Protein chains: 2
Amino acid sequence: MNFNSKTVSNVTSLSIRQIDYWDRTHFIKPSVSEATGYGSLRLYSFHDLIQLKFAKTLLDKGVSLQKIRKAVIYLKKNMPEIKKPLLELKFLTDGETIFVITENDKKIINTLKSGQLVFSIALGKIVEDLKGEVVSMQKDKTYSVTVRGRKYSVMLRVDTEDGGYWIESPSLPGCASQGDTIEEALEMIKDAIEGHLEVVDKKRKVKKAS
Amino acid sequence: MNFNSKTVSNVTSLSIRQIDYWDRTHFIKPSVSEATGYGSLRLYSFHDLIQLKFAKTLLDKGVSLQKIRKAVIYLKKNMPEIKKPLLELKFLTDGETIFVITENDKKIINTLKSGQLVFSIALGKIVEDLKGEVVSMQKDKTYSVTVRGRKYSVMLRVDTEDGGYWIESPSLPGCASQGDTIEEALEMIKDAIEGHLEVVDKKRKVKKAS
DNA sequence: GATTATAATTACATGGATGTAATTATAAAG
DNA sequence: CTTTATAATTACATCCATGTAATTATAATC
């Protein structure tokens, strides 16, 4: 699922101006679709959303934008696998460089003793919150697929658990699938419907034989 | 001992402009003598110097000035007794307020877990460094005091250990004292010289008697 | 195809922070 | 008392970041 500037602004509490400025200064650019002039759209991915929210969170904490730039560069390069439960990431800086430090309490205390700045970002929580926002805002999309010459209505939604898309056929209970892209999900649900129909055929044949 | 703007700039690595700006914006004002126009002098105390260096250190770490303002306000109000060995002070912020936290590792880790910004300032080291700077820059001042109708040359220097001034009479070994102000130190050294002379008198009387 | 909506773009402004340099009133030195 | 030195002050400029609003090319809708 992709997000335009307006949606990004709503979800991250950043102003449109900030989003624009950060794009123009090559800080955080929309990775799905860049602006190409009037009438075009900036489209951000979910990962972009995480970075934007991350930066906004640090800004609100009083970290300078220059420092945040470095933190986001690091985040882009070393984005850890986001998984449950909530993951906390801890960063430290000596004023020049930004490092992510391990979940090692002793190391954290030691770096503080050496006079450093440490800030903790609950990245897992950021991701969870963003997922919640995305889910609550999305409308299920209805598609129509044809299997064996007949049309079936299917519903597609963003899969916030595994990424990609979830798809199901409401008129055929239990008939569902998922795919990384919309096209793939549509193919997969066709296969699922096909399989469902085969089961129905078999049952009918058994009935006829008895 | 007091410090003018030029000295403050040298010792803290702040520009004259920054020192001026921070005074005019009521951030850190010279507590000994405020500017009153052309030809006047801003005079900062050692405590002021600590605050300025503290703020500069945070600025270099990438903390925003607005955040630093709050930290310095806190520092002014709750300046802990500076003592050896080097003291580390740890601050945390939730983005709105600044708190000093105890030397409690568990509490530090917990506040980090809750997504806060923590920065550690080795205030003791700042103080030590500033003391070193002050000592290396000062010239001993020579004064003349009169005791029992005779003049004695004494030397005065800033006492970086206890604050105030140290004073001694080079021509009378072991004859030294200290005071919180220059005047007080001069009175104290007079008393010390008086005492020294009394000991000398007693020795002479004992010699005569034998 | 015409009309409307929309997000990007452009433009100007503001505020905070700081750099650079000329001016000035006073203190220090001779 | 005159001359020189000095730090504060004034003034203008720059940079970064952001606010606000008008403009515009394109997409969406009818």
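This structure is a prediction, so every number in the text was calculated from the model and none was measured. First the proteins, then the strands, lettered A, B, ... as listed; each starts at 1.
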Qualifying residue for side chain to side chain contact (heavy atoms under 4.5 Å, CB included) with B:S45, from B:L49, B:D48, B:L43: B:D48
Residue of the set A:L59, A:T25, A:L58 for which side chain to side chain contact (heavy atoms under 4.5 Å, CB included) holds with A:L65: A:L59
Test item: B:F54 and B:I68 side chains (from C-beta on) under 4.5 Å apart, heavy atoms: no
Need one value for [X]: base, sugar-phosphate or nothing, where a base atom within 4.0 Å counts as base even if backbone is also close, heavy atoms only.
{"X": "A:I16", "answer": "nothing"}
{"X": "A:L14", "answer": "nothing"}
{"X": "B:S15", "answer": "sugar-phosphate"}
{"X": "B:R69", "answer": "sugar-phosphate"}

Bounds of contact between DNA chain C and chain A, in 5' to 3' order, using a heavy-atom cut-off under 4.0 Å: C:dA7 to C:dA11
Carboxylate-amine/guanidinium contact B:R42 B:D20, below 4.0 Å: yes
Neighbours of DNA chain D within residues 38-46 of chain B, by heavy-atom distance under 4.0 Å: B:Y38, B:S40, B:L41, B:R42
Residue list, salt bridge (Lys or Arg N to Asp or Glu O under 4.0 Å) with B:E194, at least two apart or on another chain: B:R148
5′-ward residue of the pair B:G37/A:W22 relative to DNA chain D: B:G37
